[in-house]
Amino acid sequence: MKVAYFPGCTLKNKAKQLDDYAKKAAEALGVTLEEIEEWQCCGGVFTTACDEVATKLSSVRDLVAAKNKEQPLVTVCSACHNVIKQTNHAMQTNKEFADKVNRYMGEEPYSGETQVYHYLELLRDVVGFDAVKEKVVNKLSGKKIAAYYGCLLLRPNGVMKMDDPENPTIMEDFIRAIGADAVVYANRNECCGGYIAMESPDLAKKKSNAVIENAKAAGAEMIITACPLCKYNLIKNGADIPVVYFTELLAEALGVKEDTNE
Amino acid sequence: MNNKYLQEDLLRMSGVNPKKCMRCGKCSATCPAYDEMEYHPHQFVSMVENGDIEPLINSDSLYKCLTCFACVDRCPRGVEPAKLVEAVRLAAVRRQGANHLKADMVPDMLDDETPQQLIVSAFRKYSK
Ligand code: SF4
Ligand code: SF4
Ligand code: SF4
Ligand code: SF4
C-alpha cells in the first residue's frame, strides 16, 4: 500500500538516518512512503492558544495534501507527529479556528478528515507487529533495549490517542517484534528537557541524566527513540550506552540496513 | 483594573477554566521544570483566576516550561495548566520588542549535532 509521508526538516538534515531507515524498512514491509510535495516545517511544537492561526497553516497544508491523495498521513519524528495530530484535532473540534484557517486557505474546506499515523502506529495498526515479526531476518536476540517515549509521542493523550500515556506498550511490543528484550523503566515517559537545551542546558542535563540512569539501572544496553531532540539531549548529556532511532533497529532486523545510504 | 481584559483574553486563548481547579497541586508535583520555576503550574491557575497576572508576565518561569503536557494529562480536574502558561507566555512575547530569543543569540547556542528541530521549537516558544 501507499501512504502519504511527512518527513519534517530534521529528517532531511541531522536525522537523515531516521528518514532513510524508515523508508527502506517500510518498503520491506510492503508500505511505500510517498513524500508529499512542497511540505514545510511544522514548527516543532504545537501552540495550544486557539488564536494562533498562521503558525499552524503549514501542518494544515500537509493534512490537505494527504486528503487530496486519499491517503493516510504518516510521520516518524515524535515532534512532527505531535504538531500535526494536534492541528488535525483542532480542525476537527474548533469550528471557529477551522473557519479562520479555511478562509485563509481559500480551498475546499478541510475539517480534519485525514487519518494521521505515527510510524509506530502504522506498524501496530496497519502492518501488524505479527507481520513485522515474520519478516525479521536478523533477530536481535538477547539485546536489552529500553524504549524512550519522552513526552510528545503520548501527550496530550486526549488528542494523541496512541497508547496508555502512563503505561504504554507500543514501543516495547515493537522491541519484542524484532526479537529483542524490552526493558521497562519509570522514566520512559518523562521529558528529557526538549527545547530547553537551547537556553538552559543544565536543566536538559538534569532531565536527560535521570532518564539515562533510570534506564541503565533497569538493565538497558541500548535506548531507542523516535525523536531527534530526545536523541540529541540524551547523547549530549552523557549517555554511555547507544541511543538509536527505532527505525535503524527495524531496518537492521529486516535486513535492509546495508542498502541505506548514510 | 485594566487587568480584566487581559484576564479574559488569557482564558479565551487557552480555553482554561481556572474555577475547575481544586488546588491539589498534582500539576506542580509532576512538572519537570518545578525546581527552576518561580511560579509553578498551579500558581499560574490561581493567579490568573485572581487577576494577579503582571508577576507572571514578567517571570522567567514562562521560559522554563518544557511543554511536556504532563500537567495536562495528570490534572484530575482537566484544567490543563500548560495551556494557561502558554497563553501568558504569548501575552509576554507578543509585546513589541519582547522576543525572548533573538536570532543573533542563536549561533552561540549551537553545536555540530544540534537538530534543526531544537532551533525551530525554541523560536516558536520564545519569540513572535
Ligand atoms: S518537528 Fe521536526 S523535524 Fe518535524 S518538521 Fe517539524 S521541526 Fe522539523
Ligand atoms: S522528551 Fe524531550 S525531545 Fe523528546 S519528545 Fe519530549 S521534549 Fe521531545
Ligand atoms: S492538578 Fe489540576 S486541579 Fe490540581 S492544582 Fe493543578 S490545575 Fe488545579
Ligand atoms: S507542560 Fe510546562 S508546566 Fe506543565 S508539567 Fe510540563 S513543564 Fe511543567
Side-chain angles (χ1 to χ4, degrees), chain A residues 8-15 18 41-52 55 77-80 82-83 86 94 150-152 154-160 165-166 189-204 206-207 210 227-233 235-236, chain B residues 9-16 30-37 60 63-75 78 80-91 93-94 100-101 105-106 108-128:
Chain A
C9 59
T10 308
L11 276 74
K12 292 294 170 188
N13 288 286
K14 286 287 182 255
L18 184 55
C41 176
C42 67
V45 276
F46 183 75
T47 306
T48 52
C50 66
D51 64 350
E52 276 275 327
T55 49
C77 162
S78 310
C80 304
N82 190 285
V83 174
Q86 293 215 61
N94 189 333
C151 39
L152 297 181
L154 301 168
R155 293 192 288 263
N157 178 48
V159 178
M160 306 314 287
E166 302 303 344
N189 61 343
E190 297 301 331
C191 190
C192 66
Y195 57 79
I196 206 79
M198 196 90 168
E199 68 160 29
S200 309
D202 290 348
L203 178 51
K206 209 161 96 184
K207 296 298 145 189
C227 176
L229 187 48
C230 297
K231 185 172 186 243
Y232 171 80
N233 276 337
I235 291 176
K236 179 155 189 185
Chain B
D9 206 31
L10 293 173
L11 298 182
R12 191 185 47 79
M13 272 158 77
S14 64
V16 167
T30 199
C31 176
Y34 182 89
D35 291 344
E36 267 69 26
M37 283 175 161
D60 221 28
Y63 313 105
K64 302 297 179 194
C65 166
L66 312 163
T67 321
C68 72
F69 296 110
C71 59
V72 169
D73 270 13
R74 292 170 187 162
C75 166
E80 309 192 314
K83 295 187 176 176
L84 210 47
V85 178
E86 178 118 299
V88 180
R89 182 170 49 234
L90 283 170
V93 300
R94 279 174 181 173
H100 180 71
L101 180 69
M105 295 157 67
V106 171
D108 288 340
M109 296 170 159
L110 306 181
D111 61 42
D112 288 346
E113 300 305 321
T114 304
Q116 286 67 28
Q117 173 194 5
L118 175 53
I119 308 165
V120 294
S121 302
F123 265 114
R124 182 132 300 174
K125 287 291 158 182
Y126 298 150
S127 302
K128 265 294 131 201

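In what follows, chains carry the letters A, B, and so on, assigned in the order in which the sequence lines appear, proteins first and then strands, with residues in each chain numbered from 1.
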(request) Specify which of A/Lys231, A/Met198, A/Lys236, A/Glu166 makes the most heavy-atom pairs with chain B at under 4.5 Å. (result) A/Met198
(request) Check each atom of A/Ser200 against the heavy atoms of chain B and say whether the ones under 4.5 Å are side chain, backbone, both or neither. (result) side chain
(request) Heavy atoms only: give me the nearest A/Val45-B/Ser121 pair and the separation to one decimal. (result) CG2-O, 3.7 Å
(request) May I ask you to name which of B/Arg74, B/Arg12, B/Met105, B/Met109 has the most heavy-atom pairs under 4.5 Å with chain A? (result) B/Arg74
(request) Starting at CG of B/Asp35, measure out to NZ of A/Lys206 and round the result to the nearest 0.5 Å. (result) 4.0 Å
(message) Please find the pair of heavy atoms, one from B/Thr114 and one from A/Lys14, that lie closest to each other, and give the distance.
(response) O-CG, 3.4 Å
(message) Is B/Phe123 in contact with chain A via its backbone, its side chain, both, or neither, using a 4.5 Å heavy-atom distance?
(response) neither
(request) Walk me through it: do B/Glu113 and A/Ile235 pass the test side chain to side chain contact (heavy atoms under 4.5 Å, CB included)? (result) CA-CA 10 Å; B/Glu113 300 305 321; A/Ile235 291 176; over 6 Å; no
(request) Would you mind checking which part of B/Glu36 comes under 4.5 Å of any heavy atom in chain A, side chain (CB onward), backbone (N, CA, C, O), both or neither? (result) side chain
(request) Please state whether the side chain, the backbone, both or neither of A/Asn189 comes within less than 4.5 Å of a heavy atom of chain B. (result) both
(message) For a quick test of reading the model, state the closest non-hydrogen atom pair linking B/Leu66 to A/Gly193 and the distance between them.
(response) CD2-O, 3.3 Å
(request) Would you name the heavy atoms of A/Ala79 and B/Gln117 that are closest together and state the gap between them? (result) CB-NE2, 3.1 Å
(request) Give, for atom OG1 of A/Thr47 and atom CZ of B/Arg89, the distance between the pair rounded to the nearest 0.5 Å. (result) 8.5 Å
(message) So for B/Ala70, is it side chain, backbone, both, or neither that comes closer than 4.5 Å to the heavy atoms of chain A?
(response) both
(message) Heavy-atom cut-off 4.5 Å, strictly under: side chain, backbone, both or neither for A/Lys12 against chain B?
(response) neither
(request) Show your reasoning for whether side-chain hydrogen bond (donor to acceptor under 3.5 Å, both in side chains) applies to B/Thr67 and A/Tyr195. (result) CA-CA 9 Å; B/Thr67 321; A/Tyr195 57 79; 2.6 Å; yes
(request) Supply the atom-to-atom distance A/Asn157 CG to B/Phe69 CZ, rounded to the nearest 0.5 angstrom. (result) 12.5 Å
(request) Indicate yes or no: at least one non-hydrogen side-chain atom of A/Arg155 is less than 4.5 angstrom from one of B/Val72. (result) no
(request) Check B/Asp73 against A/Leu154 and note the closest heavy-atom contact, atom names and distance. (result) OD2-O, 4.3 Å
(request) May I ask you to test the B/His100-A/Glu199 pair for a side-chain heavy-atom distance under 4.5 Å? (result) yes
(request) Can you measure from CD (B/Gln116) to SG (A/Cys77) and round to the nearest 0.5 angstrom? (result) 11.0 Å
(message) Using a strict threshold of under 4.0 Å (side-chain N to carboxylate O), is an ion pair present between A/Glu52 and B/Lys128?
(response) yes
(request) Measure across B/Pro32 and A/Leu203 and return the closest heavy-atom pair with its distance rounded to 0.1 Å. (result) O-CD1, 4.1 Å
(message) Counting only non-hydrogen atoms closer than 4.5 Å, does A/Pro156 touch chain B with its backbone (N, CA, C, O), its side chain (CB onward), both, or neither?
(response) both
